[in-house]
Each structure stands twice: as C-alpha cells, then as structure tokens.
Amino acid sequence: LSLTHSLSQSLSLSLHAHIHSLSRRSHNSLSKHSKTHFRNVSMDRRQWLVDAIYQDIRDISAYTDLGLVLEPGEVAQLHDGRLLDSKNLILEAIRIDPVHSSWSYSSLGLLLATGETVQLH
C-alpha cells in the first residue's frame, strides 16, 4: 500500500509538472501569435490605406485615417515616393480639400501637443 501510494503521488506530481509546463508553453506561444497577428493586422490596414490613396489621390479620409493609425515617429511611404508622418498626412488631406476636411481638422487637433502650432497654406 505504501509503495502504491508513493508511486501515485509521484505520478501525480509528475503529471502536474507536465501540465504546468504545457500550459506555460501554450501561453507563450499564444502570446507570440497574438502579437504577430496584431502587428500583421496593423500593417495590412496601413497598406490598405496607402493603396486607397493610390487609387484616389484626393481621398482625404484615407490620408487622415492613415495619419491616425501611424505610431509616433513612424512614416508612411506613398506610391509617389513621399514619406509622410501622421501630421503631414492629415495636413495633406486639408490641403487637398480644405472645405470638406472637418474630420481632418479635428484629427490634427488631437495630434498636436499643447502649444504646438502648424502653418496651413
């Protein structure tokens, strides 16, 4: 009885350690896949917006939305070769159609730091 109990405890501890190890590996694997998946979704969305601008260079919503999805310090390369950061993408939308750019003006206001100004031409 003592040998059986000891063996049972040993198997139970071994099984518990194995399950814990699998759980940890599964969690790490899931975390890696989740981060990769999120990063890919973001990249797809950025590329989709760049392609929308290529299809219609006057699509002010695409310029504004692309400006809003970029991370601080990140730039987007448009099909014409220009590299624009968030603020310059939104300024481009306002330049294209200053009358119908209320979303762009609002978005630019959200990106500006306190006291920061921009020159509209």
Side-chain angles (χ1 to χ4, degrees):
L1 183 66
S2 177
L3 180 61
T4 306
H5 181 66
S6 179
L7 183 59
S8 176
Q9 278 185 328
S10 178
L11 285 174
S12 177
L13 289 173
S14 178
L15 183 59
H16 178 71
H18 182 68
I19 290 171
H20 181 69
S21 172
L22 287 175
S23 174
R24 176 177 262 181
R25 275 189 260 156
S26 176
H27 174 72
N28 289 342
S29 176
L30 180 60
S31 294
K32 288 177 188 172
H33 290 303
S34 295
K35 290 176 187 172
T36 301
H37 178 68
F38 179 77
R39 195 166 40 247
N40 288 342
V41 168
S42 297
M43 292 305 294
D44 289 344
R45 182 166 187 208
R46 290 181 187 112
Q47 188 57 52
W48 179 82
L49 290 165
V50 168
D51 289 345
I53 293 168
Y54 176 73
Q55 295 297 319
D56 180 2
I57 60 169
R58 297 192 54 77
D59 184 349
I60 60 175
S61 294
Y63 284 96
T64 302
D65 291 347
L66 182 56
L68 291 174
V69 299
L70 292 180
E71 298 293 328
E74 188 176 14
V75 296
Q77 182 169 9
L78 303 182
H79 289 284
D80 62 8
R82 290 183 295 160
L83 295 171
L84 300 176
D85 65 3
S86 294
K87 292 173 191 161
N88 283 309
L89 283 161
I90 295 172
L91 286 169
E92 183 68 9
I94 294 168
R95 185 195 65 74
I96 290 168
D97 189 355
V99 175
H100 298 101
S101 297
S102 61
W103 170 245
S104 301
Y105 284 106
S106 298
S107 299
L108 182 60
L110 293 173
L111 292 179
L112 294 176
T114 303
E116 183 179 7
T117 61
V118 294
Q119 181 70 36
L120 300 176
H121 301 278

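Numbers here are sequence positions counted from 1.
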Side chain to side chain contact (heavy atoms under 4.5 Å, CB included) assessment of Val50 paired with His79: CA-CA 7 Å; Val50 168; His79 289 284; 3.7 Å; yes
Stepwise side chain to side chain contact (heavy atoms under 4.5 Å, CB included) test for Val69 and Leu66: CA-CA 5 Å; Val69 299; Leu66 182 56; 4.1 Å; yes
Stepwise side chain to side chain donor-acceptor pair (under 3.5 Å) check, Asn88 with Glu92: CA-CA 6 Å; Asn88 283 309; Glu92 183 68 9; over 6 Å; no
Stepwise side chain to side chain contact (heavy atoms under 4.5 Å, CB included) check, Leu70 with Asp85: CA-CA 8 Å; Leu70 292 180; Asp85 65 3; 5.5 Å; no
Salt bridge (Lys or Arg N to Asp or Glu O under 4.0 Å) between Arg82 and Asp80, intermediate numbers included: CA-CA 6 Å; Arg82 290 183 295 160; Asp80 62 8; 2.8 Å; yes
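Legend: side chain to side chain donor-acceptor pair (under 3.5 Å) pairs involving residues 63-72, not counting sequence neighbours, sorted by first then second residue: Thr64-Ser104, Asp65-Trp103.
Within 6.0 Å of OH in Tyr54 there are 12 or fewer heavy atoms belonging to other residues, nucleotides or ligands.
Arg58 places a side-chain N or O within donor-acceptor distance of the main-chain N or O of Ile96, the cut-off being under 3.5 Å.
Between Lys87 and Leu111, the closest heavy-atom pair is CE-O, 3.6 Å. When all heavy atoms of Ser101 and Ile94 are compared, the pair lying nearest together is OG-CA, 3.7 Å.
For the atom pair Leu91 CG and Ser86 OG, the distance stands at 10.5 Å (nearest 0.5 Å). Note that the CG atom of Leu89 and the CG atom of Leu108 stand 11.0 Å from one another [nearest 0.5 Å]. Once rounded to the nearest 0.5 Å, the distance linking CD1 of Ile53 with CD of Gln55 reads 11.5 Å.
Hydrophobic clustering of Ile, Leu, Val, Met, Phe, Trp and Tyr side chains at less than 4.5 Å, counting indirect connections, unites Ile90 with Leu120. Cluster annotation: Val118 and Leu68 are assigned to the same hydrophobic cluster (Ile/Leu/Val/Met/Phe/Trp/Tyr, side-chain heavy-atom contacts under 4.5 Å, transitive).
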